[in-house]
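Structure first, then comments.
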Amino acid sequence: MFEIPITEFKNLKIGNMENIDAGTGCTVFLFEKGAPAGLDVRGGGPASEESELLKPMAAAEKIHAIVLSGGSAFGLEVSNGVREYLEERDIGFDVGVTKVPLVCQSCLFDLSVGDERIRPDKKMGYCACENAEVFNYQDGNYGAGTGATVGKLKGMDFCMKSGIGSYAVKSGALMAGAVVAVNSLGDVYDWKTGQKVAGLLAENKRSFGDSEMELLNINEVMDNKFVGNTTIAVFFTNARFDKTKLGKIAGMAHDGYARSIRPVHTTADGDSIYAVSLGEVNADLDVVGTLAARVISEAIIRAVEHADSAYGYPATRELLTKK
């Protein structure tokens with residue numbers, strides 16, 4: 001097994017678009033030939049659109065795009081721009097008079113970063129599709145990761161800057177990859193060593209605190225655990241699966257969240273993972289599900305390692321430099 005660039009996947013174009021001043025953006029995944037997809041949501045506060053399409057009982061067998069964005073529920077407008085872009089190119093479900101693009105979306109909360117009055121919108125979604133044609137995707141403070149932060153149990157004064165990250169591998173004919181926008185309530189750990197790499201800052205803001213221990217030391221019910229969170233991801237493979245099996249793979253992929261983020265899947269997060277089939281390779285579901293967790297964990301590390309300090313929030317590489 002060896003690392004590959006995410007550009008090697010067929011029927012996949014990824015585009016970022018962001019407003020740096022406002023501290024928000026979106027990342028669009030286009031499947032122009034359509035692709036089966038599944039979804040597993042573990043967080044208690046998701047903001048999403050068209051997720052019902054991915055349930056086994058729904059008629060749609062393929063979708064045409066997935067959107068990850070900032071803006072909380074306001075950011076759901078992005079998918080309208082994606083639909084417009086795809087309809088203009090005759091991509092979508094044929095209804096006779098036109099083709100209706102099937103677009104699923106999940107949003108993270110970044111309204112407390114930058115300018116809360118500016119959110120990802122229809123125009124940003126359309127521009128992200130144009131950027132996907134040249135595959136302008138980058139890790140770090142881009143796209144859905146523009147306003148991402150981590151370690152927010154004690155509020156924004158003690159959190160760190162995060163971003164969006166990617167990772168992909170190939171084993172024989174099988175390919176698997178993931179893109180993750182990391183915006184968690186909890187802290188981020190290196191899944192291979194167990195070492196903390198980003199998250200809650202200590203009082204001196206030069207070292208790490210411990211979100212999990214802070215949470216466990218709370219002795220009263222908290223009605224609002226600062227809802228500025230949610231980690232959202234897309235896992236993709238060239239293995240052939242239908243959406244029911246992809247839903248199971250998405251569930252297994254959450255193991256990558258669980259070993260890399262603590263605490264995770266809280267009521268204050270909307271943690272969601274999409275799983276998409278882009279090819280016809282025969283592969284065992286459990287193998288691909290296990291691989292999904294692996295690439296998700298690695299993409300989480302890339303997200304925090306490639307982030308730059310911004311909006312007054314330090315990134316991992318700046319904190320390490322200060323030590």
Side-chain angles (χ1 to χ4, degrees), residues 23-24 41-47 70-73 106-114 116 141 144-165 180-191 194-233 254-273 296-297 300-301 303-305 307 309-320 322-323:
T24 194
V41 180
R42 298 287 174 95
S72 189
S106 289
C107 306
L108 55 80
F109 187 102
D110 56 8
L111 299 180
S112 52
V113 175
E116 77 282 357
N141 296 18
T146 303
T149 50
V150 295
K152 290 167 281 190
L153 188 66
K154 295 173 67 174
M156 300 300 287
D157 289 341
F158 295 94
C159 73
M160 290 180 64
K161 186 69 183 73
S162 180
I164 194 167
V180 187
V182 183
N183 191 58
S184 59
L185 176 76
D187 303 330
V188 176
Y189 293 79
D190 185 324
W191 66 285
Q195 181 179 357
K196 187 177 297 184
V197 293
L200 179 70
L201 293 172
E203 292 293 328
N204 62 15
K205 297 189 179 181
R206 298 174 65 89
S207 59
F208 293 125
D210 191 321
S211 292
E212 187 172 39
M213 291 309 301
E214 289 281 348
L215 183 64
L216 293 176
N217 287 329
I218 295 174
N219 294 317
E220 58 187 28
V221 176
M222 295 179 65
D223 293 329
N224 186 349
K225 296 184 182 70
F226 189 76
V227 293
N229 313 298
T230 295
T231 297
I232 45 181
H254 272 281
D255 291 348
Y257 279 11
R259 66 187 173 201
S260 299
I261 302 171
R262 297 201 299 268
V264 72
H265 301 146
T266 73
T267 58
D269 292 288
D271 299 329
S272 305
I273 298 178
I296 287 283
S297 284
I300 288 171
I301 294 175
V304 297
E305 286 184 343
S309 300
Y311 315 108
Y313 307 119
T316 292
R317 45 192 171 190
E318 178 185 327
L319 194 69
L320 293 176
K322 286 182 177 180
K323 287 185 176 181

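These numbers come from a predicted model, not from an experiment.
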Using the test ring-ring contact (aromatic ring centres under 6.0 Å, His included), find all partners of Y257 that sit at least two apart in sequence or belong to another chain.
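So Y257 forms a ring-ring contact (aromatic ring centres under 6.0 Å, His included) with H254.
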Hey, does [Y] have a side-chain heavy atom less than 4.5 Å from the side chain of [X]?
| X | Y | answer |
| --- | --- | --- |
| W191 | I300 | no |
| V264 | D269 | no |
| S309 | K161 | no |
| F109 | L111 | yes |
| R262 | D187 | no |

Rounded to the nearest 0.5 Å, what separation is found between the [atom1] atom of [X] and the [atom2] atom of [Y]?
| X | Y | atom1 | atom2 | result |
| --- | --- | --- | --- | --- |
| K196 | T316 | NZ | OG1 | 11.5 Å |
| S211 | L216 | OG | CG | 10.5 Å |
| L200 | M160 | CG | CE | 10.0 Å |
| T146 | N183 | OG1 | CG | 11.0 Å |
| T24 | D110 | OG1 | CG | 3.5 Å |
| T231 | L108 | OG1 | CG | 8.0 Å |

Nearest atoms (heavy-atom pairs only) where [X] meets [Y]:
| X | Y | result |
| --- | --- | --- |
| P314 | L201 | CG-CD1, 3.8 Å |
| T149 | C159 | CB-SG, 3.9 Å |
| G147 | V113 | O-CG2, 3.5 Å |
| N141 | A307 | OD1-CA, 3.3 Å |
| V41 | G270 | CG1-O, 4.4 Å |
| P46 | G43 | CD-O, 3.8 Å |

Donor-acceptor under 3.5 Å (D271 side chain, H265 main chain)
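Yes, the answer is positive, given that a donor and an acceptor are paired below the 3.5 Å cut-off.
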Side chain of S162, backbone of V182: donor and acceptor closer than 3.5 Å?
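Yes; judged by distance alone, with no hydrogens or angles, the pair exists.
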Charged N to carboxylate O below 4.0 Å: is that the case for E203 and K154?
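Yes, this pair counts.
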